[in-house]
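What follows is a short report on a single structure.
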Amino acid sequence: MTIATIGPPHTERATDYRSLTDLLAGSVARFPEHTAISADGISYTYRLLDGWANAIAALLVRSGVVGGDRVALRLPPGATAVAAMIGVMKAGAAYVPLDVRNPPARNEFIVSDSGVSAFLGDPDGCPTGGIPVLAEAALAALLDGPVVAPPAGPGPDPSAIAYIIYTSGTTGRPKGVLVPHGAAGVLLAGADGPFAFNERDSWLLFHSISFDFSVWEIWGALSTGARVVVLPAGTARSPEATLRFIEQEGVTVLNQTPTAFSALTTMVLREDTSLPALRYVIFGGEKLTPETVRAWSKRFGLSHPALVNMYGVTEATVLSTYHPVVEEDLDRDDLPIGILLSGTARVVTVDGREAAPGEEGELWLAGPQVTDGYLGRPELTAERFPTVDGVRHYRSGDLVSRRHDGRFVYRGRADLQVKLRGHRIELSDIELAVQAHPDIADAVVWVHPFKPGDDRLACAYVVTEDAEDPGARTLRGHVRDLLPSYMHPSVYQALPLAYLPRTVNGKVNRAEVARIWEEQRSQSA
């Protein structure tokens, strides 16, 4: 198959870029007394953070961690978590972040699947199989310990794996994405063109460290000598508290999903807040529509702060495209995801052709930001990371079209994956969890708009013959034990059917299920 390539010729490699630890070393050398992290009212300089990470790396080495190992990290976002990440990488290992809100069963799978050799933080019931477990308090205590030299040797190579983030899987089995240092270095180098980040910036760490948006938030700051400002625990659930914190801390770079930004905008307009320090609002994790930014643009304009729409996937290292929002965008139906930060792309139609401008097709990404595939999943890696004309690609599964000016417009998904409040979710993953209940014969999950701006997961199910309906409360408890909170349906509705309706091709007729579901809800209202 020969398909035209969008973007400059692909000659770069991830190994042409610096590792994350080298990028940090550069900031430590240039800005040793600058604040690297502010968390819980305490500030930590670059010199202090670097020394702390050295001590953690030394502890890991004494605990048996060697280059190429993987280390689980279950810590809340904060200074200790960031120091631990860096310490793991300085030890030559890759960190595997676990969300503190995950049910133990999910963390148990990730720990087992990734084969970690140490665990940092509280396992919270997750079996660790006898590997060293280093509590958060023990890691924090190293900050006040003796100065420790950095690990011997040159540090991790750009081709070494920096971290492994687990994403939802189509078979109900999460898959670990192997992200090399150099691929993350490409992302940060690519930002030099469209952005003017500098050492005076303050980046808000808004997202969980198990969500790869946090890589951008942490390393966008640490690679430029800027400050990471950690949002206090629980604050993200309150737009009012988030706004107050952004204002008080003088945040200059704010990364948001459109859903979170809509809530923040409502509060900003209600409080008539000015936010003079804010320079960039960067969107990712969900489709951004003009409607989401119109009210904000009327209040602030589009230059200070600049609004930048970005698109990305974990398999291509967080973010791949960017588009500064301009006035003309506000009158359109769709807001572009923009042009590439690095590398090249192809838009491939269902029949394998290059899509013409305006024609919809699947986005295939290539270049140095493309990761090393999935841990222990060679068949899935071969399927999703094909080599075409000698170039390795990642098939995103996202449908886009290309405008005549070369900018991409996001159109949707080619499969059952959705993005909701910044999280990538395989609907089939949730369906399999619901079906695992012994009284459930089949289930369908979809994103339902309960009202404008309030999209939530809905579940319709049918009960096994001769079984009783377990009810929504029981199913919520069942799913809670299997999946993280962002994958929990808001509503469960039993259908008065023996089996779910099917299309002529034998697939579940999702449109018909949704119709019956609505009818049942109306009758029970």
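No hydrogens, no waters, no symmetry mates; every other heavy atom, side chains included, goes into these values. Quantities reported herein were computed from a predicted structural model and do not represent experimental measurements. Residue numbers start at 1 and run along the sequence shown.
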Is R395 reaching over with its side chain to a backbone N or O of R384, donor-acceptor style, under 3.5 angstrom?
no

Look at the rings of F261 and W296 and say which category their plane angle falls in: under 30° parallel, 30 to 60° tilted, over 60° perpendicular.
tilted

Heavy-atom pair with the smallest gap, counting every atom of L363 and F408:
CD1-CE2, 4.1 Å

Can a donor-acceptor pair be found, under 3.5 Å and without considering hydrogens, that links the side chain of T257 to the backbone of E286?
no

Ignoring hydrogens, what is the shortest heavy-atom contact between L375 and S114? Give both atom names and the distance.
CD2-CA, 3.5 Å

May I ask you to decide whether E518 forms a salt bridge with R515, counting only side-chain N to carboxylate O separations under 4.0 Å?
no

Parallel, tilted or perpendicular: which one describes the rings of W216 and W203, with boundaries at 30° and 60°?
perpendicular

Sole candidate of D212, T371, T167 that passes side chain to side chain donor-acceptor pair (under 3.5 Å) when paired with T314
D212

Report yes or no: do T265 and S262 form a side-chain donor-acceptor pair below 3.5 Å?
no

Check E362 against G397 and note the closest heavy-atom contact, atom names and distance.
OE2-N, 2.8 Å

Can a donor-acceptor pair be found, under 3.5 Å and without considering hydrogens, that links the side chain of T242 to the backbone of T235?
yes

Between the side chains of E379 and K175, is the shortest nitrogen-to-carboxylate-oxygen separation below 4.0 Å, so that they form an ion pair?
no

Considering only residues two or more places apart or on different chains, which pairs with a residue in residues 479-491 satisfy side-chain hydrogen bond (donor to acceptor under 3.5 Å, both in side chains)?
none

Is there a donor-acceptor pair closer than 3.5 Å between any side-chain N or O of T317 and the backbone N or O of Q369?
yes

Does a salt bridge link E431 with R510, judged by any charged N lying under 4.0 Å from a carboxylate O?
yes

Heavy-atom side-chain contact between P103 and L482 under 4.5 Å
no

Applying side-chain contact (heavy atoms from CB on, under 4.5 Å), run through V228 and L222 and close with a yes or a no.
CA-CA 7 Å; V228 178; L222 296 184; 4.1 Å; yes

Going through the distances and angles, do V82 and V230 end up as a side-chain contact (heavy atoms from CB on, under 4.5 Å)?
CA-CA 10 Å; V82 174; V230 180; 5.8 Å; no

Closest heavy-atom contact between A84 and L120?
CB-CD1, 3.9 Å

Between atom CZ of R101 and atom CG of N107, what is the distance when rounded to the nearest 0.5 Å?
11.5 Å

Is a donor on one side and an acceptor on the other found under 3.5 Å between the side chain of R74 and the backbone of D122?
yes

Indicate yes or no: at least one non-hydrogen side-chain atom of S117 is less than 4.5 angstrom from one of I131.
no

For the atom pair OG (S320) and CD1 (I339), what is the distance rounded to the nearest 0.5 Å?
13.0 Å

Could you go through the side-chain contact (heavy atoms from CB on, under 4.5 Å) check for V313 and D398 one step at a time?
CA-CA 10 Å; V313 287; D398 287 315; 4.0 Å; yes

Any heavy-atom pair between the side chains of P194 and V308 that's under 4.5 Å?
no

Does any part of the side chain of T292, heavy atoms only, come nearer than 4.5 Å to the side chain of T289, both counted from C-beta?
yes

What I want to find out is whether D334 reaches R411 closely enough, with some N-O distance under 4.0 Å, to be called a salt bridge.
yes

Quick one: closest heavy-atom pair of L75 and G121, and the distance?
CD2-CA, 3.7 Å

Shortest non-hydrogen contact between F213 and F283, atoms and distance
CZ-C, 4.3 Å

Would you say the side chain of V434 lies within less than 4.5 Å of the side chain of V479, judging by non-hydrogen atoms?
yes

Between OH of Y163 and CE of M89, what distance do you get to the nearest 0.5 Å?
9.5 Å

All pairs passing side-chain hydrogen bond (donor to acceptor under 3.5 Å, both in side chains) where residues 466-477 contributes a residue, at least two apart:
Y461-D469

Just by distance, do the side chain of Q435 and the backbone of D442 share a donor-acceptor pair under 3.5 Å?
no

Looking at side-chain heavy atoms only, is the closest gap between L330 and S297 below 4.5 Å?
yes

Rounded to the nearest 0.5 Å, the CG atom of L335 sits from the OH atom of Y410 at a distance of 14.5 Å

Does S214 form a side-chain contact (heavy atoms from CB on, under 4.5 Å) with L205? I'd like the steps, not just the answer.
CA-CA 7 Å; S214 68; L205 177 54; 4.0 Å; yes

Any donor and acceptor pair, going by atom type alone, linking the side chain of H181 with main-chain N or O of L20 inside 3.5 Å?
yes

Would you call the rings of W517 and W446 parallel, tilted or perpendicular if under 30° counts as parallel and over 60° as perpendicular?
perpendicular

Testing V88, V116, I161 for side-chain contact (heavy atoms from CB on, under 4.5 Å) with R70, which one passes?
V116

Taking atom CZ as the centre, does R270 end up with more than 12 heavy-atom neighbours from other residues, nucleotides or ligands that are less than 6.0 angstrom away?
no

Spacing of CE belonging to M487 relative to CG belonging to L427, to within rounding of 0.5 Å:
8.5 Å

Taking C-beta and beyond as the side chain, do L307 and L288 meet within less than 4.5 Å on heavy atoms?
no

Rounded at 0.5 Å granularity, tell me how far CG in L319 sits from CD1 in I282.
8.0 Å

Keeping D439 on the side-chain end and V463 on the backbone end, is there a donor-acceptor pair under 3.5 Å?
no

Salt bridge or not between E354 and R402? Use side-chain N to carboxylate O under 4.0 Å.
yes

Can you tell me if CD on E291 sees more than 12 non-hydrogen neighbours from other groups inside 6.0 Å?
no

Hey, are the side chains of L457 and V447 touching, using non-hydrogen atoms and a 4.5 Å cut-off?
yes

